Amino acid sequence: MNVRYRVELSQAERDELTAMLGGGKCAARKLKRAQILLAADGGRRDEGIARTVSVSLSTVYRTKRRFVEGNLERALSEEPRPGAERKLTGKEEALLVATACAKPPAGRKRWTLTLLANAMVKLTDHDSLSGETVRRRLAENDLKPWRRDMWCIPHVDGEYVARMEDVLDLYAERPDPARPLVCFDETPVQLIGEVRQPVSAKPGQRERYDYEYRRNGTVNLFVTFDPHRGWRNVKATERRAAVDYAHCMRELVDVHYPEAACIRVVQDNLSIHTAGALYQAFAPAEARRILRRLEFHYTPKHASWPNMVECEISVLQRQCLGRRIDDPKKLRNEIAAWQRQRNKAQDRIKWMFTTDKARAKLRRAYPAVVKESKSL
């Protein structure tokens, strides 16, 4: 045992090192140093520590020395290492970041490391610049210009906030059988058939299917979800027209909720989701009868995330539709089986986002409040 550098930790230092090891969010080298210090504090010999932590004796020696001569922070951190100076100065690195965030050259879809390196050579006095240098500087700034994400970018204004809070308040209300709440949406499904018969799985081999497939058209699914009852209904149609939507609303009123005084429907802003769709499908008296028992609530434009049925459609895709189904009849049978199982279990969605949380989390997105002018 090296008696020259004896490690004696305080209780606070032990607690800090133990918490660090339990969290597991630090660099591996830092975690190993924490293990060395705890083991040394426990009286372990250097050879045993090195063997247990899988480090060299010199690493154990240096860690103990830096703790005794310095403090805990010095023992856990990296020592300055000699090496070549950074090739890009601060201004040049800022120029690299700005270039990577700008549009790529004409004829190119996106920036690459080579393109950025060549661009920096033209913009600076460097004779050459490696792609690795560019990659490291971009990584430090958390930039990957060759990657893009498709995202829904809404325009947040007063109307957006009003619709969002209207839907969130509906979710927060207590269930009322006389005024049930349902979420409604639709999704297309491709009918895809196999060209060659798949090979079944067996021990040591996964199921195999051919990359080639046969496309047999599409089917539209109208999905209705009652978050309070844990009930859902999926209706498959050939089209996604206003008339089909109107028939879904009539079934909602006459078949699924015949005793309800008012059915509150949360839906997005698709062009067919209007009261006018019922007048396209039915006689005026019939359309008016149905609409008297419906109350429409719309999600913000270009932002359907507050609609709970989006979560249910995602579950449907993962559990049932994420495979090749080529026949409409088989598709309906598979969806019906999935629907029966979910309804029997009364599976619900644990919705936790409330109006209060929206005001706290999205406070910057809320429009600025204009002060009222003083009356004369």
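Every heavy atom of this structure was used, including side-chain atoms; hydrogens, water molecules and symmetry mates were not. For this chain, numbers begin at 1 and follow the sequence in order. The shown structure was predicted, so the numbers you read here are calculated from the model rather than taken from an experiment.
Taken from CZ in Arg136 to CD in Glu132, the straight-line distance is 4.5 Å, to the nearest 0.5 Å. We find the CD-CD1 distance between Glu251 and Ile290 to be 10.5 Å, quoted to the nearest 0.5 Å. To the nearest 0.5 Å, the span separating CG on Asp327 from CG on Asn216 amounts to 8.5 Å. Expressed to the nearest 0.5 Å, how far NZ of Lys235 lies from CG of Leu252 amounts to 11.0 Å. Note: Lys144 NZ to Leu113 CG = 11.5 Å, rounded to the nearest 0.5 Å. The distance from atom CZ of Arg342 to atom CD of Glu312, rounded to the nearest 0.5 Å, is 4.5 Å.
In this structure Arg289 satisfies the side-chain hydrogen bond (donor to acceptor under 3.5 Å, both in side chains) test together with Asp254, Glu286, sequence neighbours excluded. With sequence neighbours left out, the side-chain hydrogen bond (donor to acceptor under 3.5 Å, both in side chains) criterion links Gln197 to no other residue. Take Asn333 and apply the side-chain hydrogen bond (donor to acceptor under 3.5 Å, both in side chains) test, not counting sequence neighbours, and it matches no residue. Qualifying side-chain hydrogen bond (donor to acceptor under 3.5 Å, both in side chains) partners for Ser56, counting only residues two or more places apart in sequence or in other chains: Ser58, Thr59. Residues passing the salt bridge (Lys or Arg N to Asp or Glu O under 4.0 Å) test with Asp326, sequence neighbours excluded: none.
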Verdict with supporting geometry, Asp166 and Tyr298, side chain to side chain contact (heavy atoms under 4.5 Å, CB included)
CA-CA 8 Å; Asp166 174 53; Tyr298 292 95; over 6 Å; no
Evaluate the side chain to side chain contact (heavy atoms under 4.5 Å, CB included) criterion for residues Gln339 and Asn233: first the C-alpha distance (whole Å), next the side-chain angles of each, then the deciding distance (0.1 Å), finally the verdict.
CA-CA 7 Å; Gln339 178 178 302; Asn233 180 70; 3.6 Å; yes
Check step by step if side chain to side chain contact (heavy atoms under 4.5 Å, CB included) holds for Leu291 and Arg288.
CA-CA 5 Å; Leu291 287 172; Arg288 194 69 238 162; 4.1 Å; yes
Before you tell me yes or no, could you show the steps for Met120 and His126 under side chain to side chain contact (heavy atoms under 4.5 Å, CB included), namely the whole-Å CA-CA distance, both residues' side-chain angles and the distance that decides it to 0.1 Å?
CA-CA 8 Å; Met120 289 299 296; His126 292 288; over 6 Å; no
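Taking 4.0 Å as the cut-off between side-chain N and carboxylate O, Glu194 and Arg324 count as a salt-bridged pair. Ion pairing between a basic and an acidic side chain is recognised when a charged N comes within 4.0 Å of a carboxylate O; Glu159 and Arg163 show such pairing. We find that Lys87 and Glu92 are not joined by a salt bridge, their nearest charged nitrogen and carboxylate oxygen being 4.0 Å or further apart. Salt bridge status for Lys330 with Glu334: absent, with no side-chain N to carboxylate O gap under 4.0 Å.
Between Arg110 and Leu115 the shortest heavy-atom distance is O-CD1, 3.8 Å. The nearest pair of heavy atoms linking Ile325 to Cys320 is CD1-O, 4.4 Å. Glu93 and Leu88 make their closest contact through N-CB, 4.4 Å (heavy atoms, listed as atom of the first residue, atom of the second, distance). The two atoms that bring Pro258 and Arg293 nearest to each other are O-NH2, 3.3 Å, heavy atoms only. Contact detail for Ala242 and Gln280: the closest heavy-atom pair is CB-OE1, 3.8 Å. Nearest heavy-atom pair, Pro177 versus Ala260, reported as atom, atom and distance to 0.1 Å: O-CB, 4.2 Å.
Side-chain N or O atoms of Asn269 include one that pairs as donor or acceptor with a backbone N or O of Thr299 at under 3.5 Å. Checked by atom type and distance alone, the side chain of Arg66 never pairs as donor or acceptor with a backbone atom of Thr63 at under 3.5 Å. Between the side chain of Arg348 and the backbone N or O of Gln346, at least one donor-acceptor pair lies under 3.5 Å.
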Indicate every side-chain donor-acceptor pair of residues 219-226 with a distance under 3.5 Å to a residue at least two apart or in another chain.
residue: Asn220; atom: ND2; partner: Thr237; partner atom: OG1; Å: 3.3
residue: Asp226; atom: OD1; partner: His228; partner atom: N; Å: 3.0
residue: Asp226; atom: OD1; partner: Arg229; partner atom: N; Å: 3.2
residue: Asp226; atom: OD2; partner: Tyr257; partner atom: OH; Å: 2.6

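For Glu295, the CD atom sits in a packed shell: over 12 heavy atoms of surrounding residues, nucleotides or ligands are nearer than 6.0 Å. Within a 6.0 Å sphere centred on CD of Glu69, heavy atoms belonging to other residues, nucleotides or ligands number more than 12.
Following chains of ILVMFWY side-chain contacts shorter than 4.5 Å, one can reach Leu278 starting from Ile263, so the two form part of one hydrophobic cluster. The hydrophobic cluster containing Trp231 does not contain Ile313, counting ILVMFWY residues as joined when their side-chain heavy atoms lie under 4.5 angstrom apart, directly or transitively. No continuous path of hydrophobic side-chain contacts links Leu57 to Tyr5 [ILVMFWY only; heavy atoms under 4.5 Å]. Connection of Val253 to Val266 is not established within any shared hydrophobic cluster, with ILVMFWY side chains joined at heavy-atom distances below 4.5 Å, either directly or through further cluster members. Note on Tyr61: it clusters hydrophobically with Leu72, by side-chain heavy-atom contacts below 4.5 Å among ILVMFWY residues.
Within the 4.5 Å cutoff, side-chain heavy atoms of Leu270 are placed close to those of Glu186. Residues Lys32 and Ser54 have side chains in contact (heavy-atom distance under 4.5 Å, counting atoms from C-beta outward). Considering only heavy atoms from C-beta on, Leu76 comes within 4.5 Å of Met20 through its side chain. Two residues are said to be in side-chain contact when any heavy atoms from C-beta on lie closer than 4.5 Å; Pro188 and Arg240 fail this criterion. Within the 4.5 Å cutoff, no side-chain heavy atoms of Ile349 are placed close to those of Pro227. Annotation: side chain of Leu316 is not in contact with side chain of Arg232 (no heavy-atom distance under 4.5 Å). Between Leu116 and Pro145, some side-chain heavy-atom pair lies under the 4.5 Å cut-off. Between Leu9 and Leu38 the shortest side-chain heavy-atom distance falls below 4.5 Å.
In this model, a donor atom of one side chain and an acceptor atom of the other lie less than 3.5 Å apart for Ser314 and Arg318.
Within the structure, ring-ring contact (aromatic ring centres under 6.0 Å, His included) contacts touching residues 331-364 (residues at least two apart or in different chains) are Tyr171-Trp351, Trp305-Phe353. The stretch residues 7-23 participates, sequence neighbours left out, in these salt bridge (charged side-chain N to carboxylate O under 4.0 Å, His left out) pairs: Arg14-Asp41. The list of ring-ring contact (aromatic ring centres under 6.0 Å, His included) pairs with a residue in residues 93-121, not counting sequence neighbours, is empty. The list of ring-ring contact (aromatic ring centres under 6.0 Å, His included) pairs with a residue in residues 267-297, not counting sequence neighbours, reads Phe184-His273, Tyr245-His273, His247-Phe282.
The hydrophobic cluster containing Val55 also includes Ile36, Ile49, Val53, Val60, under a criterion of side-chain heavy atoms closer than 4.5 Å among ILVMFWY residues, counted directly or through chains of members. Here Val195 is tied to no hydrophobic group at all, with no ILVMFWY side chain closer than 4.5 Å.
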